[in-house]
Colleague: 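The structure follows.
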Amino acid sequence: MIYLKAYMPLSGMVYLAQRDLLGRQYRDEKVITALAAAGIISVKPGGISQRQSKRNTDQALAGVFAAALNPVLVSRLKAGKDFISYLLAARKTIPWAKLIGEATFISLCRLLANARKAWHASPRLPFAIDEHSATARAIDELLEVVGKKWNDAYFSVYDLAGGFSDDNDEVGEESEDEEMGDTTAGPSAMPSFNADQAETDIEMGDLAAALEEDTLADEITEGVDKMDIDDQEGYIE
């Protein structure tokens with residue numbers, strides 16, 4: 001059995017789950033499959049080494065938060081754009097992230113941010129921030145910019161609205177046909193992954209399209225803002 005945690009960045013992160021990081025095994029497996037299809041990791045003998053796979057994964061996950069720092073997306077969020085739609089718009093600019101369903105992507109973002117907050121709540125070696133993973137540092141940068149807009153209450157309301165249901169976790173046919181190809185083909189199914197470009201390779205055409213779409217509506221943001229709930233430090237289930 002291959003576990004997602006084996007590929008995740010550890011420095012500067014605290015994961016409370018011991019095995020299925022996203023709460024359900026099949027969601028962890030979806031992320032592993034997408035990373036493998038994108039050539040970021042290798043799950044077969046003779047492919048990318050485990051060490052390189054972990055480094056690539058760190059860069060790829062850091063790229064998620066770098067994409068969310070896009071000035072257009074941030075300005076729309078601060079202007080009142082619904083928070084979940086903000087994250088999903090960022091997802092549409094990241095080739096490998098489009099290979100996993102919306103619910104799995106949102107779960108992954110929540111997991112990573114909470115793992116970083118858990119480290120800040122209870123620091124452990126290494127203590128020097130510059131020794132932390134690229135993902136950890138990218139999360140810090142994003143949270144500094146968006147501030148209280150990143151509030152765990154949004155995820156809770158998204159859950160109550162059915163956002164984490166299996167029905168909201170299907171990859172679109174266009175994404176499957178054009179991006180995934182034959183998932184059994186391994187890294188050749190997508191262009192080779194370049195770890196050095198992972199944080200900056202953003203598909204601007206997809207960003208423009210994403211900005212035209214709304215998902216679970218702006219009522220989520222409006223409702224949470226009215227409740228004026230402060231986010232809690234550390235991992236929140």
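All values below were derived from every heavy atom in this structure, side-chain atoms included, with hydrogens, water molecules and symmetry-related copies excluded. The structure presented is a predicted model; accordingly, all values stated were derived computationally and were not measured.
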Colleague: Enter the distance from I41:CD1 to L35:CG here, rounded to the nearest 0.5 Å.
Modeller: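 Output value for this atom pair is 5.0 Å.
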Colleague: So D28 and K5, do their side chains get closer than 4.5 Å, heavy atoms only?
Modeller: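 Side-chain contact under 4.5 Å: no.
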Colleague: Any heavy-atom pair between the side chains of Y86 and K149 that's under 4.5 Å?
Modeller: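 No, too far: nothing below the 4.5 Å cut-off.
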Colleague: Can you tell if the side chain of I106 reaches within under 4.5 Å of the side chain of L87, non-hydrogen atoms only?
Modeller: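 Touching, per the 4.5 Å side-chain cut-off.
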Colleague: Identify the two heavy atoms, one from S165 and one from A103, that lie closest to each other, and give their separation to 0.1 Å.
Modeller: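 Residues S165 and A103, closest heavy atoms: O-CB, 4.2 Å.
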Colleague: Answer whether the closest heavy-atom distance between the side chains of L99 and F105 falls below 4.5 Å.
Modeller: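 SC-SC contact between L99 and F105 ruled out.
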Colleague: Rounded to the nearest 0.5 Å, what's the gap from NZ on K30 to CG on L108? Could you check?
Modeller: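 So the gap between those two atoms works out to 13.0 Å.
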Colleague: Taking the six-membered ring for Trp, are the ring centroids of F83 and Y158 within less than 6.0 Å of each other?
Modeller: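 That pair fails the under 6.0 Å test.
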Colleague: Measure from the side-chain N and O atoms of S122 to the backbone N and O of W119, and report whether any donor-acceptor pair falls under 3.5 Å.
Modeller: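 Between the backbone of W119 and the side chain of S122 there is no qualifying donor-acceptor contact (under 3.5 Å).
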Colleague: Could you list the residues that satisfy side-chain hydrogen bond (donor to acceptor under 3.5 Å, both in side chains) with Y3, not counting sequence neighbours?
Modeller: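 Counting only residues at least two positions away or on another chain, Y3 forms no side-chain hydrogen bond (donor to acceptor under 3.5 Å, both in side chains).
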Colleague: Taking A134's backbone N and O only, do any of them form a donor-acceptor pair with D58's side chain (distance below 3.5 Å, no angle check)?
Modeller: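 Yes, the answer is positive, given that a donor and an acceptor are paired below the 3.5 Å cut-off.
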Colleague: Find the distance between CG (L4) and CG (D20) and round it off to the nearest 0.5 Å.
Modeller: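 With rounding to 0.5 Å, CG (L4) is 9.5 Å from CG (D20).
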Colleague: Specify whether W150 and F65 have parallel, tilted or perpendicular ring planes, treating 30° as the upper limit for parallel and 60° as the lower limit for perpendicular.
Modeller: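 Judged by the thresholds at 30° and 60°, the geometry between W150 and F65 is tilted.
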Colleague: Could you check if a side-chain atom of M8 sits within less than 4.5 angstrom of a side-chain atom of L61, using non-hydrogen atoms only?
Modeller: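 Side-chain contact under 4.5 Å: yes.
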Colleague: Judged by atom type as modelled, is there a donor-acceptor pair below 3.5 Å linking the side chain of R91 to the main-chain atoms of I100?
Modeller: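 Yes, because the side chain of R91 sits within donor-acceptor range (under 3.5 Å) of the backbone of I100.
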Colleague: Just so I know, are the side chains of L143 and K117 near enough to count as touching, which here means a heavy-atom distance under 4.5 Å?
Modeller: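 Contact flag for L143/K117 side chains = yes.
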Colleague: How long is the gap from SG on C109 to CZ on F155, to the nearest 0.5 Å?
Modeller: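 Between C109 SG and F155 CZ, I get 6.5 Å after rounding to 0.5 Å.
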Colleague: Strictly distance-based, threshold 3.5 Å: is any side-chain N or O of S11 a donor or acceptor partner for the main-chain N or O of E131?
Modeller: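 Yes, because the side chain of S11 sits within donor-acceptor range (under 3.5 Å) of the backbone of E131.
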Colleague: Write down the atom of S107, the atom of F164, and the distance for their closest heavy-atom approach.
Modeller: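 Taking every non-hydrogen atom into account, OG-CE2, 3.2 Å.
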Colleague: Using the side-chain hydrogen bond (donor to acceptor under 3.5 Å, both in side chains) criterion, which residues pair with D140? Sequence neighbours excluded.
Modeller: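 side-chain hydrogen bond (donor to acceptor under 3.5 Å, both in side chains) check on D140 returns R116, H120.
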Colleague: Could you report the tightest heavy-atom contact between A68 and V74, atom names first, then the distance?
Modeller: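 Closest pair (atom of A68, atom of V74, distance): O-CG2, 3.5 Å.
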Colleague: Please step through side chain to side chain contact (heavy atoms under 4.5 Å, CB included) for the pair Y15 and L112, ending with a clear verdict.
Modeller: CA-CA 8 Å; Y15 305 100; L112 292 168; 4.0 Å; yes
Colleague: Give a yes or no answer on whether the side chain of D82 reaches the backbone of S85 with a donor-acceptor pair at less than 3.5 Å.
Modeller: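 The answer is yes, because a donor-acceptor pair under 3.5 Å joins these two groups.
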Colleague: Decide side chain to side chain contact (heavy atoms under 4.5 Å, CB included) for R110 and S156; before the verdict, give the C-alpha distance in whole Å, the side-chain angles of both, and the deciding distance to 0.1 Å.
Modeller: CA-CA 10 Å; R110 185 188 197 187; S156 298; 3.9 Å; yes
Colleague: Do the non-hydrogen side-chain atoms of Q59 and I40 ever get within less than 4.5 Å of each other?
Modeller: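 The answer is no, as the side chains (C-beta and beyond) never meet within the 4.5 Å cut-off.
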